[in-house]
J.: 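The structure that follows is given in the form of C-alpha cells.
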Amino acid sequence: MANTTRMHTDAAKIAGMIPIGRDPAAVRQRIEAMEHLLEGLFTIPGINRRIGLDVILDVIPVGGDVIGSVMGAWMVWEARNLGMSKTQMARMFGNVGIDFLLGLIPVVGIIPDFFFRSNTRNLKIIKRHLDRHHPSTAIVNN
C-alpha cells in the first residue's frame with residue numbers, strides 16, 4: 001500500500017487543474033487563470049467592480065508593485081511560448097511597465113492601478129493572437 005500524505009493528494013488536485021505543457025490550449029488556460037488571479041478575484045459590492053492581487057499588492061510599498069509586475073511579466077513570457085511577435089510582446093511589456101510605474105506613486109498609486117488593468121489588456125492581445133493562429137483553443141461561452 002502506497003504511503004501518500006494529504007499534501008501530496010492536494011498538490012495532485014491542484015496540478016490536475018493547471019495544465020502543463022507548451023501547447024496553445026494549455027498556455028491559454030494558464031494565462032486566463034493568472035489574469036483572473038491578478039485582476040478579478042473579488043467583486044467590490046455596490047460598484048460591482050472586480051479587483052485582484054494586482055490592486056491588493058499595491059498596499060505593500062514597492063515590493064507589492066515588483067511582485068505584481070513579475071507576475072504580469074510571466075504572462076508575457078508565456079506569450080513568447082506561443083510564438084507571438086516581438087512587437088506584440090513589447091506592447092505587453094509596455095503595459096506591465098506602465099502598471100508598475102503607476103503603482104509606485106505613494107498612497108494614490110492604488111487608484112490608477114484600479115483602472116489601468118495591464119493584465120487584462122495583455123490577455124486580450126494574447127487571445128487575439130490565439131484566435132487567429134490557434135482557433136481550436138477558443139472557448140465559446142453560452
Side-chain angles (χ1 to χ4, degrees), residues 2 4-142:
T4 60
T5 63
R6 181 172 182 206
M7 188 166 89
H8 287 224
T9 57
D10 289 346
K13 286 180 188 176
I14 291 170
M17 294 186 319
I18 300 172
I20 299 172
R22 295 178 76 178
D23 61 289
V27 172
R28 182 183 196 121
Q29 288 179 340
R30 284 194 305 267
I31 290 172
E32 286 175 347
M34 179 62 80
E35 188 272 342
H36 177 73
L37 178 70
L38 290 171
E39 305 288 7
L41 271 183
F42 310 103
T43 302
I44 299 174
I47 62 171
N48 208 24
R49 181 80 174 175
R50 299 176 59 109
I51 65 166
L53 280 181
D54 198 23
V55 172
I56 295 167
L57 287 170
D58 276 343
V59 174
I60 304 168
V62 183
D65 297 312
V66 170
I67 293 168
S69 295
V70 167
M71 293 172 82
W74 174 83
M75 289 177 64
V76 181
W77 181 79
E78 284 283 13
R80 181 187 62 75
N81 289 338
L82 294 171
M84 292 180 69
S85 72
K86 290 181 181 180
T87 304
Q88 289 170 315
M89 291 183 356
R91 280 185 58 206
M92 292 170 60
F93 271 124
N95 287 335
V96 172
I98 290 169
D99 190 27
F100 175 73
L101 293 174
L102 291 173
L104 286 178
I105 304 168
V107 183
V108 297
I110 294 171
I111 296 167
D113 203 19
F114 184 73
F115 294 105
F116 183 79
R117 297 176 173 266
S118 65
N119 301 300
T120 301
R121 290 170 185 249
N122 289 345
L123 180 62
K124 286 179 184 177
I125 294 169
I126 294 169
K127 280 184 173 181
R128 223 172 318 165
H129 173 82
L130 284 169
D131 291 347
R132 175 175 286 152
H133 299 285
H134 305 282
S136 63
T137 66
I139 297 170
V140 178
N141 296 327
N142 291 333

J.: Grab the two heavy atoms, one from Asp99 and one from Ser118, that are nearest each other, plus how far apart they are.
T.: OD2-OG, 3.1 Å

J.: Can you sort out the partners of Asp58 under side chain to side chain donor-acceptor pair (under 3.5 Å), two or more places apart, ordered by chain and number?
T.: none

J.: How many angstroms lie between CD1 in Ile56 and CD1 in Ile67, if you round to the nearest 0.5 Å?
T.: 12.5 Å

J.: Mind checking the CG-CG spacing from Leu82 to Asp23? Nearest 0.5 Å is all I need.
T.: 9.5 Å

J.: Kindly give the heavy-atom pair with the smallest separation between Ala79 and Met92, and that separation in Å.
T.: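 Minimum heavy-atom separation between Ala79 and Met92: CB-CE, 3.8 Å.
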
J.: Would you say that Met84 contacts Ile126 through its side chain, given a criterion of any heavy-atom pair below 4.5 Å between the two side chains?
T.: yes

J.: Can you name the closest pair of heavy atoms from Asn119 and Gly72 and give their distance?
T.: OD1-CA, 3.4 Å

J.: Test: ring pair (Phe, Tyr, Trp, His ring centres under 6.0 Å). Region: residues 84-136. Which pairs qualify, not counting sequence neighbours?
T.: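 Qualifying pairs, neighbours excluded: His129-His133.
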
J.: Are the charged groups of Lys124 and Asp131 less than 4.0 angstrom apart, N to O?
T.: no

J.: Under the side-chain contact (heavy atoms from CB on, under 4.5 Å) rule, what do Asp65 and Leu57 come out as? Steps first, then yes or no, please.
T.: CA-CA 7 Å; Asp65 297 312; Leu57 287 170; over 6 Å; no

J.: State the CG-CD distance between Leu123 and Glu78, to the nearest 0.5 angstrom.
T.: 12.0 Å

J.: Go through the structure and list residues passing side chain to side chain donor-acceptor pair (under 3.5 Å) with Asn122, not counting sequence neighbours.
T.: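 Only Asn95 meet the side chain to side chain donor-acceptor pair (under 3.5 Å) criterion with Asn122.
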
J.: Calculate, to the nearest 0.5 Å, the distance between atoms CD1 and CD1 belonging to Ile51 and Ile44 respectively.
T.: 4.5 Å

J.: Taking side chain as C-beta onward, heavy atoms only, is Met71 less than 4.5 Å from Leu37?
T.: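 A side-chain contact exists here, since the closest heavy-atom pair is under 4.5 Å.
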
J.: Tell me every residue that passes side chain to side chain donor-acceptor pair (under 3.5 Å) with Arg50, counting only those two or more places apart in sequence or in another chain.
T.: His36

J.: Are Ile98 and Leu101 close enough that some pair of their side-chain heavy atoms sits under 4.5 Å apart?
T.: no

J.: Apply the test side-chain contact (heavy atoms from CB on, under 4.5 Å) to residues Met75 and Arg30: give CA-CA distance (whole Å), side-chain angles for both, the deciding distance (0.1 Å), then the verdict.
T.: CA-CA 9 Å; Met75 289 177 64; Arg30 284 194 305 267; over 6 Å; no

J.: Which residues satisfy the side chain to side chain donor-acceptor pair (under 3.5 Å) test with Gln88, sequence neighbours excluded?
T.: Ser85

J.: For the CD1 atom of Ile110 and the CG atom of Asp54, what is their distance to the nearest 0.5 Å?
T.: 11.0 Å

J.: Once salt bridge (charged side-chain N to carboxylate O under 4.0 Å, His left out) is applied, do any residues pair with Arg117, and if so which ones, sequence neighbours excluded?
T.: Glu39

